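Everything on this sheet refers to the single structure shown next.
Given the structure is predicted, the values throughout are model-derived calculations rather than measurements. Residue numbers count from 1 along this sequence.
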Amino acid sequence: MDAPRRHFLQYAALAAGGIALPGAYARPAGTSYPFSLGVASGSPLPDSVLLWTRILNDPLNAAATPPVAFSVRWEVAHDQAFTRIAARGTASALPALAHSVHVDVRGLEPARWYWYRFMLGEAVSPAGRTRTAPAPESMPAALKLAVASCQHWEFGSYAAHRHIAAAAPDLVAFLGDYIYEWGPYQLAHPASAVRTAESFSLAEYRARYAQYKSDPDLQGAHLAAPWIVTWDDHEVANDYAGERDERLDAGFALRRAAAYQAFYEHMPLRLVLARPGEYAGMRMYQRYDWGRLARFHVLDDRQYRATHACAPAGRGGSSSVTRACAALRDPGRSMLGRAQEGWLAEGFTSSKARWNLIAQQTPMAQSSQVPVHKTADGRFWNDGWDGYPVARQRLFEALGKSGAANPVVLAGDVHTFYASDLLGDFNRPSSRRNPVIATEFCGTSVTSGSRPQARTLQYLEMNPHTKYGRSDKRGFMLMDVTPDKTTTVFVGLDDVRIAQSGKATLASFEVANGKAGARQV
C-alpha cells in the first residue's frame, strides 16, 4: 500500500468516528470563506483528472459573492503537505457559470494518487484526494468502487457519504438524483419534508446545488476520491421524459436547459456541447476505462427517451401499464435514443476489459407489480426499463453480439437494494436456451424513502429472477472488482435521520469471471 493511501485510510477512520481533523477538512471561520461548497474531482483518465470548485461566500445567498470574474489558483501535489507539486496554474471563475471552476489537469502519471487544492487571495480550499485511471493496457489487481444515488435533502442526513469517505474507495459512481427540485432552502436536514419552493430557473437550481453541497459529509465524500456522475430525473423534474414533464409545460425545454447548466456548474465533469453555450443538448453519456480491468459505460436514460407509454390523458410522467399497452411493443421507442444506442454497442464491441460496468439510472430487470402466470400477464411501471422493453431487448442483443466480457449493470432510482439476473425472456426460468445475460445490482437511496419491505418481498415472489430486495434501508453499495471476481456489498444505515448513524452489511454477492449471475455469500 502506498504512503498517501495509508495516510488517507488512517485519516478517514478518524473522520468516521466523528473526530475533528486538521488539514483536509479545515476551513477558516466566518461567512466570507469563498470555498463554502468544498472541492471535488472526477472523470479520471490515465493522464488526467477534472478538478472542481465554486466560489461562493454564502451557500444561501449567491448575491454575497461579487458579480465579477476571479482568478483562482490551483495546485496538484504528490503529498498532502504540497511539498512536491505535480502541476499548478490559474483558472477563471466567471459569474456566467456561477463562479464555478473546472480544471482539466493533464500530464499526470497513470494509476497515481494525488492531492489538490484551490486558492483565492489568502483563502485556501480543503485539500482533496484524487487519482488517475490505470494505463490502458495494464491489468490492475483491484478496483474499490462506491455506488450511490438519490439523496433528497428532506429525508435524512448524509451519513452514507461519511461512510463512503471512510471506506477510501478508488472511485465513486453517482447514478442520479444528486439534488431534488423541491424543499425549503435551508442548511439543516429537516425532521420532516415540506413540499415547497420548487426550482424552475437557473438561479433556483444553482441555489439548490449550493444547499446540497454545503453538507460536510457530502463534501467529505468528494474529498475522498474522484467521482463519475450521471443524472436522473430530479436534477430537473420528477419523471420527465425528453422534453416533456408531468405538467405538459410548453416551456419545459427552457427549464431543462437551465437545470442542465446548473448540473454542469456543480459537477467535476468535462463539458460536451453540440454548440457553445447550448446546455439544452449537453451530452452526458461517457466511457471510462480502468486499464484492462473494467470499462464504465455511463448512460443517460432521460434526455433522449421517448415519452411514457400509454400515459394518462392530460398529464405526463409515469404510471403503471399492462401488456395491453400497444406502445410497449413499438420498436420506434427508445430509452437512450438511437445515437446513444449505437455508441453503447460500439463500446461493447471495442471493449477489452475483463468487466463491463454499465452505470445507469434505473433497474433493467423486469419488475411486475402483479403475478405473471402467462405471457399476457403483468403490470409495470412505465418510467423504468419496463416501459421500454423493445429498447431493452436491443441493448441485450447488442451486448450478446459484442462478446463483451462480464457485463454488470449498476442502477439506482427506486430506493431499493436489488440483486437480479438479466434474461432475454424474464417470463421463463434461466436455462441454456434462456441464459443469464448479465448481473444487475441496484443500490438503495442515500436518503430518499421507499415502499414497505413487506411489499418488496411480494415483488421478489412475483419476479424470481430478482434474488434479493431490501427497501427499508438507506445506504450505498461498495464493490471490489478484481480480475477473478466482483464482490458487491449492500451497506445499510442504522438510522438515516442521524448524521452519526452506524452502518451494517445487509448482504454480499459475488460474480465470478466468466459466469453471469450473482451468488450470495
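A heavy-atom distance below 4.5 Å is not found between the side chains of Gln393 and Tyr388. Proximity of Val409 to Thr439: side-chain heavy atoms (C-beta onward) are nowhere separated by under 4.5 Å. In this structure, Phe417 and Leu506 have side chains that are in contact, with non-hydrogen atoms separated by less than 4.5 Å. Residues Leu457 and Glu461 fail the side-chain proximity criterion, which asks for heavy atoms closer than 4.5 Å. For the pair Ser367/Asp386, a side-chain contact is recorded, criterion being any heavy-atom separation below 4.5 Å from C-beta on. Between Leu293 and Val481 the shortest side-chain heavy-atom distance falls below 4.5 Å. Proximity of Met477 to Val491: side-chain heavy atoms (C-beta onward) are nowhere separated by under 4.5 Å. With contacts defined as side-chain heavy-atom distances shorter than 4.5 Å, the pair Glu75/Phe118 does not qualify.
Geometrically, Arg302 does not engage Tyr304 in a cation-pi contact defined by less than 6.0 Å to the ring centre and at most 45° from the axis. Note that Arg392 lies outside the cation-pi zone of Trp385, set by a 6.0 Å cut-off to the ring centre and a 45° limit from the axis. A cation-pi arrangement is found for Arg287 relative to Trp343, the charged atom lying closer than 6.0 Å to the ring centre and inside a 45° cone about the ring normal. By the 6.0 Å and 45° rule, Arg295 does not stack over the aromatic ring of Trp290. With Phe82 as the aromatic partner, Arg117 meets the cation-pi criteria of under 6.0 angstrom to the ring centre and within 45 degrees of the ring axis.
Between Lys485 and Asp480 there is no salt bridge, since no side-chain nitrogen of the basic residue lies less than 4.0 Å from a carboxylate oxygen of the acidic one. Ionic pairing of Arg292 and Glu137 is present here: one or more N-O contacts between side-chain nitrogen and carboxylate oxygen are shorter than 4.0 angstrom. Between Arg131 and Asp170 there is a salt bridge, since a side-chain N of the basic residue sits under 4.0 Å from a carboxylate O of the acidic one.
Between Phe174 and His161, the two ring planes are parallel [angle under 30°; tilted spans 30° to 60°]. By the 30° and 60° cut-offs, the orientation of the rings of Phe348 relative to His297 is perpendicular. In this structure, Tyr158 and Tyr212 have tilted ring planes: the angle between them lies in the 30° to 60° band.
Partner of Gln361 under the side chain to side chain donor-acceptor pair (under 3.5 Å) criterion, chosen from Thr230, Asp300, Asp232: Thr230. Test Asp484, Thr488, Thr482 against Thr486 for side chain to side chain contact (heavy atoms under 4.5 Å, CB included) and you get one pass: Thr488. For the side chain to side chain contact (heavy atoms under 4.5 Å, CB included) with Tyr240, the qualifying choice from His234, Arg256, Arg305 is Arg256, the only one to do so. Put simply, the residue from Tyr116, Trp113, Tyr114 that forms a ring-ring contact (aromatic ring centres under 6.0 Å, His included) with His78 is Tyr114.
Put simply, the side chain of Ser138 never gets that close to the backbone of Pro140: no donor and acceptor are under 3.5 Å apart. Between the side chain of Ser157 and the backbone N or O of Val496, at least one donor-acceptor pair lies under 3.5 Å.
Counted by atom type alone, Trp52 and Glu265 present zero donor-acceptor pairs between their side chains at under 3.5 Å. Counting only N and O atoms by type, the side chains of Asn406 and Asn356 include no donor and acceptor under 3.5 Å apart. Checking Asp215 against His189 by side-chain atom types alone, a donor-acceptor pair falls below 3.5 Å. Thr130 and Arg112 share no donor-acceptor pair across their side chains, judged by distance under 3.5 Å alone. Side-chain polar atoms of Ser318 and Asp383 form no donor-acceptor pair below 3.5 angstrom. A donor-acceptor pair shorter than 3.5 Å can be found between the side chains of Gln286 and Tyr288.
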Give every donor-acceptor pair under 3.5 Å between a side-chain atom in residues 442-455 and any protein atom, sequence neighbours left out.
residue : atom : partner : partner atom : Å
Thr444  : OG1  : His415  : O            : 3.1
Thr444  : OG1  : Lys473  : O            : 2.7
Thr444  : OG1  : Arg474  : NH2          : 2.9
Ser445  : OG   : Ser448  : N            : 3.3
Ser445  : OG   : Ser448  : O            : 2.4
Ser445  : OG   : Arg474  : NE           : 2.7
Thr447  : OG1  : His152  : N            : 2.8
Thr447  : OG1  : His152  : O            : 2.7
Ser448  : OG   : Cys150  : O            : 3.3
Ser448  : OG   : His152  : N            : 3.3
Ser448  : OG   : Tyr180  : OH           : 2.9
Ser450  : OG   : His415  : O            : 3.3
Ser450  : OG   : Thr416  : OG1          : 3.1
Arg451  : NH1  : Tyr418  : OH           : 2.9
Arg451  : NH1  : Thr456  : OG1          : 3.3
Gln453  : OE1  : Ser471  : N            : 2.8
Gln453  : OE1  : Ser471  : OG           : 3.3
Gln453  : NE2  : Gly469  : O            : 3.1
Arg455  : NH1  : Gln458  : OE1          : 2.8
Arg455  : NH2  : Gln369  : O            : 2.9

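Here OG of Ser125 is found 16.0 Å from CZ of Arg54. Values are rounded to the nearest 0.5 Å. If you take CD1 on Ile358 and CD on Gln360, they are separated by 7.5 Å, rounding to the nearest 0.5 Å. Remark: Gln151 CD to Asp177 CG distance equals 9.0 Å, nearest 0.5 Å. The CE atom of Met267 sits 12.0 Å away from atom CG of Leu50, with the distance rounded to the nearest 0.5 Å. Rounded to the nearest 0.5 Å, atoms NZ (Lys401) and CZ (Phe396) are 14.5 Å apart. Interatomic distance, NZ of Lys503 versus OG1 of Thr505, reported as 6.0 Å (0.5 Å rounding).
Scanning all heavy atoms of the two residues, the minimum distance from Leu460 to Tyr468 falls at CD2-C, 3.8 Å. The two residues Asp217 and Arg162 make their nearest non-hydrogen contact at OD1-CB, 3.7 Å. Contact between Asp421 and Ala518 at its shortest, heavy atoms only, is OD1-N, 3.7 Å. Nearest heavy-atom pair, Arg497 versus Gly156, reported as atom, atom and distance to 0.1 Å: NH1-N, 3.5 Å. For the pair Ser41 and Leu51, the tightest heavy-atom approach, listed with the atom from each and the gap, is CB-CD2, 3.9 Å. The nearest pair of heavy atoms linking Ser501 to Ala159 is CB-CB, 4.1 Å.
Remark: aromatic rings of His102 and Tyr264 are close, center separation under 6.0 Å. Phe263 and Tyr279 have their aromatic ring centers separated by at least 6.0 angstrom.
Counting non-hydrogen atoms of neighbouring residues, nucleotides and ligands closer than 6.0 angstrom, the CZ atom of Arg106 exceeds 12 such neighbours.
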Next on the checklist: salt bridge (Lys or Arg N to Asp or Glu O under 4.0 Å) for Arg208 and Glu181? Distances and angles first, verdict last.
Outcome noted: CA-CA 7 Å; Arg208 189 68 67 197; Glu181 69 275 27; over 6 Å; no
Item to check | Thr349/Ser402 under side-chain hydrogen bond (donor to acceptor under 3.5 Å, both in side chains): CA gap, chis, key distance, verdict | outcome: CA-CA 4 Å; Thr349 301; Ser402 71; 5.1 Å; no
